Protein chains: 2
Amino acid sequence: MSEKKFNSTNTLNEFYLEERCTLNKVLKINGKRWVSEVLILIKQDVSRFSNLNECLNGISDNVLSSILNELVKSKLIEKEIFHQVPLRVEYHITPGGLALTKVMHELCDWGKEYIDYEMRMKPTFTRQDPNY
Amino acid sequence: MSEKKFNSTNTLNEFYLEERCTLNKVLKINGKRWVSEVLILIKQDVSRFSNLNECLNGISDNVLSSILNELVKSKLIEKEIFHQVPLRVEYHITPGGLALTKVMHELCDWGKEYIDYEMRMKPTFTRQDPNY
DNA sequence: TGAGTTACTAATAAAAAAAGGAGTATGAGT
DNA sequence: ACTCATACTCCTTTTTTTATTAGTAACTCA
């Protein structure tokens, strides 16, 4: 959480790319680790902080927290606070978020066809196999 | 280009996510800066290192080089070497790469509809506007 | 011999992302 | 007064990503 330097080439390149094509803005949001998993879980009605935390083995509180904030800011999810005791907060997907999960699903299908392809075609290793 | 630590939580989480869903493998490839731009340019027949470099204002040689290597490794593009003088190398998109650009295009359309929405709805600033 | 071209790689530095661990607010129950 | 639970935030360290600079190989032409 250190300061962002606005004059670094890094930041200038980021601006340049966001200007160049909307796609880079999209990837800026959902290209980061955990983000798409969180979004998909929320779509599947895993709506509370603690539940999301349980589902995502290894995510740390602060990372989950900042991702949720980002998703709210980008209007992919909505935050609803219930002033009960103990406090209860729910996150729900917006139409925009839902539309995004559909494209993500296609991206996933692409991966299944083209990335996992090699693996599907490779014969299973045997002990005789020098690659075993 | 420092050593990758295989036992760090960082790396373990990366493995966990790639195991969990193919989508994370996909985003690992094309979620990084410049990658989709390079792929799209190659699809548009900008096929040489120097031309790509010209088109992408601000990218540095080694970054372009490593992205090209990654794309070849992932079989999204193919490298063809012409042993001429001066040396000539061409990159061309594969069917897999082409299929990916189509999904990227949809992702971009999503962005145009949902990210740029606010901006489209906002009235243009005038000098009278306190926000100007 | 030496300059010029293309297509790179290597080493290092700067910046950002991700993780670890402690701390906070609220209000209820004991 | 103290503990518990949820849902966080804050600060620091670790790891990765991105950028900078310099250098290389191969072969031609003057």
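On a predicted model such as this, the values are computed, not experimentally measured, just so you know. In what follows, every chain begins at residue 1, and chains take the letters A, B, ... in the order their sequences are listed.
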Under-4.0 Å side-chain N/O to phosphate OP1/OP2 contact, Ser8(B) with dA18(C): no
Side chain of Val89(B) - closest among dA16(C), dA18(C), dA7(C): dA7(C)
Touch class at under 4.0 angstrom, heavy-atom based, for Asn13(A) against every strand present: sugar-phosphate
Side chain proximity check, Leu64(A) to Leu68(A), heavy atoms < 4.5 angstrom: yes
Nearest-nucleotide pick for Val85(B), side chain only, options being dC27(D), dT16(D), dC8(C): dC27(D)
N/O (side chain, Arg33(A)) to phosphate O (OP1/OP2, dA19(C)) under 4.0 Å: yes
Check: dG20(C) base within 3.5 Å donor-acceptor of Asp61(A) side chain: no
Residue-phosphate contact under 4.0 Å: Ser66(A) side-chain N/O, dA17(C) OP1/OP2: no
Phosphate contact (dT9(C) OP1 or OP2) by Ser65(B) side-chain N/O below 4.0 Å: yes
Phosphate OP1/OP2 of dT17(D) contacted by Trp34(B) side-chain N/O (<4.0 Å): no
Value in whole Å for how far the C1' atom of dA14(C) lies from CG of Asn10(A): 8 Å
Whole angstrom value for the distance that separates C1' of dC29(D) from CG of Leu87(B): 17 Å
dG20(C) OP1/OP2 closer than 4.0 Å to side-chain N/O of Thr9(B): yes
Closest to the Asn62(A) side chain, choosing from dT15(D), dA19(D), dC11(D): dC11(D)
Lys102(B)/Glu106(A) salt bridge by N-O under 4.0 Å criterion: no
Under 4.0 angstrom between Lys79(B) side-chain N/O and dC8(C) OP1 or OP2: yes
Side-chain N,O (Arg48(A)) to OP1/OP2 (dA7(D)) below 4.0 Å: yes
Nearest-Å distance for atom pair CD/P, residues Gln84(B) and dC8(C): 14 Å
Any Tyr91(B) side-chain N or O less than 4.0 Å from OP1/OP2 of dC8(C): yes
Whole-Å distance separating the CG atom of Leu17(A) from the C1' atom of dT18(D): 12 Å
Sugar-phosphate, base or nothing in reach of Ser60(B), heavy atoms under 4.0 Å: base
Sugar-phosphate only, base, or nothing, as touched by Phe82(A) at under 4.0 Å among non-hydrogen atoms: nothing
Sugar-phosphate, base or nothing in reach of Asn69(B), heavy atoms under 4.0 Å: sugar-phosphate
